[in-house]
Amino acid sequence: PEQDQPHQQAKQETRDVSRSGKAFRSERERMKLPYREGTWFTVPLRSRGFSLGVAARLDGEGTVFGYFFGPALPEPPGAPQVETLRAEEAVHRCQFGDLGLIKGEWPVLCESSGWDRSAWPLPWFVRGDEDMAWLAKYSDDLELLSEERCDSSLMGDYPRDSLSGSGAVEIVLTHLL
């Protein structure tokens, strides 16, 4: 029936698959993202001020790996100030969803001039508890490549192998800064 035509079209769109084999929302593919690798942005802290972040890797489907910096700033800085920051100065590193960037809640400051991804390495990640832990290695497009068991004492030495929402990142940064 004609009534089912929109539903059939919606079902077809949800069956679309990207070249990497992952399902995606057709809408995201058509949407121009407000960020790319090397994009600097501000993250509003829950109680006061802002933190700075840079998108270091992305999968094109909503997951970003970023570096975040302190101290808490009373207002967003200008573009020249962010260009002096380095990966080793980050106070937090994590994979996160891009909703804060998409909705404009994390305002974009600028694109890095001469972005060099090798200066912003993708670390190993760790997951587990005090009894068992695993190190996870991801590709530059954030696909899991391998996992290996490790000593749980390494839990504090690597970023957690998890995906944080933008609100969770804001909370973590508020506590860190």
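In plain terms, the two heavy atoms of Ala119 and Ala87 that are nearest each other are O-CB, 3.5 Å. Between Leu144 and Ser146 the shortest heavy-atom distance is CD1-O, 3.6 Å. Nearest heavy atom pair, residue Cys150 against residue Leu154, reads CB-CD1, 3.9 Å. In plain terms, the two heavy atoms of Gly62 and Tyr35 that are nearest each other are CA-OH, 4.4 Å. What you find for Cys110 and Val82 is that their closest heavy atoms are SG-CG2, 3.7 Å. Between Phe96 and Gly66, the shortest heavy-atom distance links the atoms CE2-N, 3.6 Å.
Residue Met132 holds its CE atom at 13.0 Å from CG of Asp151, rounded to the nearest 0.5 Å. To the nearest 0.5 Å, the span separating CG on Leu99 from CD on Glu105 amounts to 6.5 Å.
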Donor-acceptor contacts under 3.5 Å from residues 168-177 side chains, at least two apart:
from: Glu170; atom 1: OE1; to: Arg46; atom 2: NE; distance (Å): 3.0
from: Glu170; atom 1: OE1; to: Arg46; atom 2: NH2; distance (Å): 3.1
from: Glu170; atom 1: OE2; to: Trp106; atom 2: NE1; distance (Å): 2.8
from: Thr174; atom 1: OG1; to: Arg46; atom 2: N; distance (Å): 2.8
from: Thr174; atom 1: OG1; to: Glu170; atom 2: O; distance (Å): 2.8

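In this structure, Arg160 and Met155 have side chains that are in contact, with non-hydrogen atoms separated by less than 4.5 Å. Between Leu52 and Leu109, some side-chain heavy-atom pair lies under the 4.5 Å cut-off. Annotation: side chain of Glu83 is in contact with side chain of Ser112 (closest heavy-atom distance under 4.5 Å). Annotation: side chain of Phe41 is not in contact with side chain of Pro34 (no heavy-atom distance under 4.5 Å). Residues Ser152 and Asp131 have side chains not in contact (no heavy-atom distance under 4.5 Å, counting atoms from C-beta outward). Contact of the Arg93 side chain with the Trp120 side chain is not registered, since no non-hydrogen atoms from C-beta on lie closer than 4.5 Å. Between Leu122 and Leu142 the shortest side-chain heavy-atom distance falls below 4.5 Å. Annotation: side chain of Phe125 is not in contact with side chain of Trp134 (no heavy-atom distance under 4.5 Å).
Leu85 is not connected to Phe50 by any chain of hydrophobic side-chain contacts under 4.5 Å among Ile, Leu, Val, Met, Phe, Trp and Tyr, and they are in different clusters. Follow the hydrophobic side-chain contacts under 4.5 Å out from Tyr138 and you reach Phe65 in the same cluster. Leu163 and Ile102 fall into different hydrophobic clusters, where Ile, Leu, Val, Met, Phe, Trp and Tyr residues are linked whenever their side-chain heavy atoms come under 4.5 Å apart, directly or through other members. Residues Val43 and Leu58 share a single hydrophobic cluster, defined by chaining ILVMFWY side chains whose heavy atoms lie under 4.5 Å apart.
Residues that satisfy the ring-ring contact (aromatic ring centres under 6.0 Å, His included) test with Phe69, not counting sequence neighbours, are Trp40.
Sorted by first then second residue, the salt bridge (charged side-chain N to carboxylate O under 4.0 Å, His left out) pairs that include residues 112-130, not counting sequence neighbours, are Glu37-Arg117, Arg117-Asp140, Arg127-Glu147, Arg127-Asp161.
Using a cutoff of 4.0 Å between basic side-chain nitrogens and carboxylate oxygens, Arg86 and Glu88 are not scored as salt-bridged.
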